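Every value quoted in this text rests on a predicted model; they were computed, and no experiment measured them. Per chain, numbering begins at 1; letters A, B, ... match sequence-line order.
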Amino acid sequence: MAQEDLFKKIVSHCKEYGYVFQSSEIYDGLSAVYDYGQYGVELKNNIKKYWWDSMVLLHENIVGLDSAIFMHPTVWKASGHVDAFSDPLVDNKDSKKRYRADVLIEDRMAKFEAKIDKEIIKARKRFGDSFDEAQFRETNQRVLDNQVKLNELNSRFVKALNDSDLEELKQIILDYEIACPVSGTRNWTDVRQFNLMFSTEMGSTAEGASKVYLRPETAQGIFVNYLNVQKTGRMKLPFGIAQIGKAFRNEIVARQFIFRMREFEQMEMQFFVRPGEEMKWFVHWKEFRMNWHKSLGFGADNYRFHDHDKLAHYANAATDVEFKFPFGFKEVEGIHSRTDYDLKQHEEFSGRKIQFFDPELNESYVPYVVETSIGVDRMFLQIISSSYCEEEIEKNDGSKDSRIVLKLPAFLAPVKLAVFPLVRKDGLPDIARKIIDELKFDFYCQYDEKDSIGKRYRRHDAIGTPFCVTVDHQSVEDGTVTIRHRDSMDQERVKIENLKNIIGEKVSMKEILKRLAI
RNA sequence: GCGGGAGUAGCUCAGCGGUAGAGCAUCAGCCUUCCAAGCUGAGGGUCGCGGGUUCGAAUCUCGUUUCCCGCUCCA
């Protein structure tokens, strides 16, 4: 099956079986925003629990946090998001290439400077030692012409940037006949500002309101609470703060289902370390996080690291964990050594000391930070894509049949157990109900008596329920039932009173956490 | 955002100027048989949305919106 078709089928399956719906679908939907349905929310919660337990429960030096989505506007100035996330962009209609308008204009200014330099170099050659550059700049007509043009351009440019005057930026590009380096044409779209941060107003009156942003990452909530947590939790370096929460980015291009959304959820852990020890911890977390992914059992070949050559302004090392999605290897998690950049920025902008007193070294310093940052929705997509199977099976009479089954790891599956009476009479439904009433306190159970038993098995295959228990006539006599296993379709007969232990053990997260803790 | 393609029932699609269809799914009932396709009946769509052409538009046209495929960034 073509990978593209597979992806389409997965998207359809998610909708058909209550995993993921498009937001506001009855109003034609909202671009790149999705809702999780009745089974989606269960799977998502289980993913978050797996992450939280393996980070917070397994590490006594990692604690949790839940910071607000709204933060003081200065946070985003300090973090660099206000500047980095709002570029004036312009497209060349012929080459279809997109440029930053300010970069195009700066390049144009550099050309004026180059012309002036050329004149000066020529003159220096001609006049030799007696060349007086300052005087030459003031008297040479060609230099003066270019200098005037450069000054004009520069003042228009600076003014336009300060006023955020996008029309003027476009006019500058037209006036100075700036052409696309690829197509060579001057067929430009309007200049548009793409602010990747969503903003809203805080405060009830128009005059009193101030602009606040919806956080584009959860990390800053951790950084601004560093002192609170460190002091109240009596934390000593190295220690980490973990957080799960929504983040928002106004993506220009948002596509590929829940892979890239405007509203998404991150699971982040910021690990604070002694300066100089960050590389050791970077390597440590790389390994731990990769083990976490591989322990899901989707195949080691489907994962790889992608080390960054080009580093962000705040990082001195960075790598991505990439997973082989139906549309190729794509990032699911980033592991970054962020240095002391963020905390130092917050020191500067807040005027507060954000440091750690290290009793061993007997000195105070700003800790370095190693970050692990993973997208919940990308994990969700990874798990769904890996679990989705279309199987050919042989029926009892030898004919072929097929089934669609979500082979979810049992500890992540939304519904753990379905209970069916083989037939809807002879007291079998009552026994089935009783089993659910016993087990519903331990895990999510569902009852079904509609249609043939085979059909009911298939329905639960489609949503990934790992175990189906069937109550038959023998159950009335000896108190046993059959457990049918989703992946093998094998059945075993067990006593009703043993169900809780048998299934409870298999759907528990404990074993996988134990393996990670080693 | 730009270019290309597409929106008809929960899903997959047919119909392409003249009263909205099929299969599967759903619901109710019958049957009782451990791996979906037995029988009877029912519900569900102003054909993405809005304008235009026409006596008449799901069908032609324009706009808009959503999705899919390419071009960049990221969790």
Side-chain angles (χ1 to χ4, degrees), chain A residues 4 7-9 11-13 15-18 21-33 84-85 87 89-100 182 189-192 194 196 216-219 246-249 251-261 264-268 308 310 312 320-321 327 330-336 371-379 381 393-396 399 401-405 420-426 428 449-462 468-474 481-482 484 486 489-491 493:
Chain A
E4 205 175 281
F7 186 53
K8 276 186 183 165
K9 283 183 175 178
V11 174
S12 299
H13 194 85
K15 186 191 172 185
E16 193 168 356
Y17 290 94
F21 307 123
Q22 191 178 17
S23 165
S24 319
E25 200 188 311
I26 62 168
Y27 292 103
D28 289 334
L30 187 62
S31 185
V33 184
F85 269 37
D87 303 325
L89 299 177
V90 62
D91 294 288
N92 184 274
K93 290 179 188 169
D94 298 312
S95 65
K96 312 286 180 215
K97 291 287 173 192
R98 167 166 293 167
Y99 300 93
R100 280 176 54 175
V182 174
T189 63
D190 286 340
V191 176
R192 289 167 304 243
F194 287 97
L196 255 40
E217 64 174 27
T218 51
K246 289 278 179 91
F248 304 83
R249 287 184 198 175
E251 296 286 347
I252 304 160
V253 176
R255 229 182 274 160
Q256 274 164 328
F257 196 41
I258 55 170
F259 185 79
R260 181 174 289 109
M261 298 199 288
F264 60 104
E265 198 158 6
Q266 291 184 311
M267 303 188 284
E268 292 200 317
H308 291 206
K310 239 176 79 183
D320 297 335
V321 177
F327 42 86
K330 296 280 181 184
E331 178 185 358
V332 286
E333 172 156 12
I335 298 156
H336 306 128
E371 162 190 83
T372 73
S373 174
I374 174 169
V376 179
D377 312 281
R378 290 184 178 185
M379 273 312 293
L381 185 57
I393 49 178
E394 197 164 309
K395 293 173 89 166
N396 286 341
S399 63
D401 198 4
S402 66
R403 67 165 185 163
I404 292 175
V405 50
F420 314 139
L422 183 62
V423 293
R424 214 186 325 184
K425 59 180 185 185
D426 305 330
L428 303 191
E449 59 174 27
K450 177 78 184 158
D451 299 311
S452 73
I453 193 75
K455 209 163 190 171
R456 285 177 263 169
Y457 286 147
R458 297 306 171 80
R459 272 204 285 264
H460 278 277
D461 285 342
C468 294
V469 158
T470 299
V471 177
D472 56 15
H473 291 95
Q474 194 181 329
V481 291
T482 58
R484 181 261 197 185
R486 178 195 63 201
M489 295 169 68
D490 290 340
Q491 284 175 266
R493 185 165 283 274

| query | Between B:A75, B:A36, B:C11, which one does the side chain of A:Gln266 approach most closely? | reply |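 Taking heavy atoms from C-beta onward, the closest nucleotide is B:A75.
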| task | Please determine, for the side chain of A:Arg484, which listed nucleotide (B:G10, B:U32, B:C35) has the closest atom? | result |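 Nearest listed nucleotide: B:C35.
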NA contact type, [X], heavy-atom cut-off 4.0 Å: base, sugar-phosphate, or nothing?
| X | answer |
| --- | --- |
| A:Phe21 | nothing |
| A:Thr470 | base |
| A:Val332 | sugar-phosphate |
| A:Asp377 | nothing |
| A:Gln491 | base |
| A:Glu265 | nothing |
| A:Thr482 | base |

| task | Between A:Glu331 and A:Lys450, just flag the one whose closest nucleotide in RNA chain B comes earlier from the 5' side. | result |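 It is A:Lys450 whose nearest nucleotide is closer to the 5' end.
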| request: For A:Ser452 and for A:Leu422, locate the closest nucleotide of RNA chain B by heavy-atom distance; then report the residue assigned to the nucleotide nearer the 5' terminus. | output: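 It is A:Leu422, whose closest nucleotide lies nearer the 5' terminus.
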Can you tell me the distance, in whole Å, between the [atom1] atom of [X] and the [atom2] atom of [N]?
| X | N | atom1 | atom2 | value |
| --- | --- | --- | --- | --- |
| A:Arg458 | B:A36 | CZ | C1' | 5 Å |
| A:Arg424 | B:A28 | CZ | C1' | 10 Å |
| A:Glu371 | B:C74 | CD | P | 13 Å |
| A:Ile404 | B:C35 | CD1 | C1' | 15 Å |
| A:His308 | B:A75 | NE2 | C1' | 11 Å |
| A:Lys455 | B:U33 | NZ | C1' | 14 Å |
| A:Glu16 | B:U26 | CD | C1' | 11 Å |
| A:Phe264 | B:A75 | CZ | P | 8 Å |

Rounding to the closest angstrom, what is the interatomic distance between [N] and [M] at atom [atom1]?
| N | M | atom1 | result |
| --- | --- | --- | --- |
| B:G21 | B:C30 | C1' | 29 Å |
| B:U54 | B:G43 | C1' | 36 Å |
| B:U59 | B:A20 | P | 13 Å |
| B:A58 | B:C2 | C1' | 30 Å |
| B:C39 | B:G23 | P | 12 Å |
| B:C73 | B:A57 | C1' | 43 Å |
| B:A25 | B:G45 | C1' | 16 Å |
| B:G38 | B:A6 | P | 37 Å |

Where do [X] and [Y] come nearest, in terms of heavy atoms and distance?
| X | Y | value |
| --- | --- | --- |
| A:Phe264 | A:Pro216 | CZ-O, 4.2 Å |
| A:Asp377 | A:Glu265 | OD2-N, 2.9 Å |
| A:Phe420 | A:His460 | CZ-CD2, 3.7 Å |
| A:Pro421 | A:Glu449 | CG-CB, 3.9 Å |
| A:Glu268 | A:Ser373 | OE2-OG, 2.7 Å |

For the pair [X] (side chain) and [Y] (backbone), establish whether a donor and an acceptor sit closer than 3.5 Å, ignoring hydrogens and angles.
| X | Y | value |
| --- | --- | --- |
| A:Glu333 | A:Val321 | no |
| A:Arg486 | A:Val405 | no |
| A:Asp426 | A:Leu428 | no |

| field | Base B:C73 to side chain A:Arg249, donor-acceptor N/O within 3.5 Å cut-off | value |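 For A:Arg249, whose side chain was compared with the base of B:C73, there is no donor-acceptor pair (under 3.5 Å).
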| request: Look at the side chain of A:Arg260 against the base of B:C74 and say whether a donor-acceptor pair falls under 3.5 Å; ignore hydrogens and angles. | output: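 By the distance-only test, yes, there is a pair.
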| query | Of all residues at least two apart in sequence or in a different chain, which pass the side-chain hydrogen bond (donor to acceptor under 3.5 Å, both in side chains) check with A:Arg459? | reply |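 If we apply the side-chain hydrogen bond (donor to acceptor under 3.5 Å, both in side chains) test to A:Arg459, skipping adjacent residues, the hits are A:Asp448, A:Asp451.
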Point-to-point distance, once rounded to the nearest 0.5 Å, from [atom1] of [X] to [atom2] of [Y]:
| X | Y | atom1 | atom2 | result |
| --- | --- | --- | --- | --- |
| A:Arg484 | A:Met489 | CZ | CE | 5.0 Å |
| A:Ile404 | A:Glu16 | CD1 | CD | 8.0 Å |
| A:Ile335 | A:Ile374 | CD1 | CD1 | 9.0 Å |

| request: Would you please classify the geometry between the A:Phe7 ring and the A:Phe257 ring as parallel, tilted or perpendicular, with 30° and 60° separating the classes? | output: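 Plane angle over 60°, so perpendicular.
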| request: Give a yes/no answer on whether the side chain of A:Arg459 brings an N or O atom under 4.0 Å of OP1 or OP2 in B:C24. | output: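 Answer is no, no contact under 4.0 Å.
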| task | May I ask you to verify if any side-chain N or O of A:Lys15 is less than 4.0 angstrom from the OP1 or OP2 atom of B:G10? | result |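 Negative; the distance criterion is not met.
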| Can you list the residues that meet the salt bridge (charged side-chain N to carboxylate O under 4.0 Å, His left out) rule with A:Lys455, with sequence neighbours excluded? |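 Partners of A:Lys455 under the salt bridge (charged side-chain N to carboxylate O under 4.0 Å, His left out) test: none.
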| What residues, two or more places apart in sequence or in another chain, satisfy salt bridge (charged side-chain N to carboxylate O under 4.0 Å, His left out) together with A:Arg403? |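 If we apply the salt bridge (charged side-chain N to carboxylate O under 4.0 Å, His left out) test to A:Arg403, skipping adjacent residues, the hits are A:Glu391, A:Asp461.
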| Would A:Tyr457 pass as stacked on B:A36, i.e. its ring centre under 5.5 Å from the base's six-membered ring centre and planes under 30° apart? |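 Not stacked: fails the 5.5 Å / 30° test.
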| Which nucleotides of RNA chain B pair, in dot-bracket form (Watson-Crick or G-U under 3.5 Å, | meaning another strand) | ((((((((.[[[[.)..(..]]]].(((((.......))))).....[[[[[..)....]]]]])))))))....
Using the 3.5 Å cut-off, write out each protein N or O paired with an N or O of nucleotides 12-14 of chain B and the distance between them.
residue: B:U12; atom: OP1; partner: A:Ser12; partner atom: OG; Å: 3.2

Taking only N/O atoms, report every protein-nucleotides 40-50 of chain B pair under 3.5 Å with atom names and distance.
residue: B:G48; atom: O2'; partner: A:Asp28; partner atom: OD1; Å: 3.0

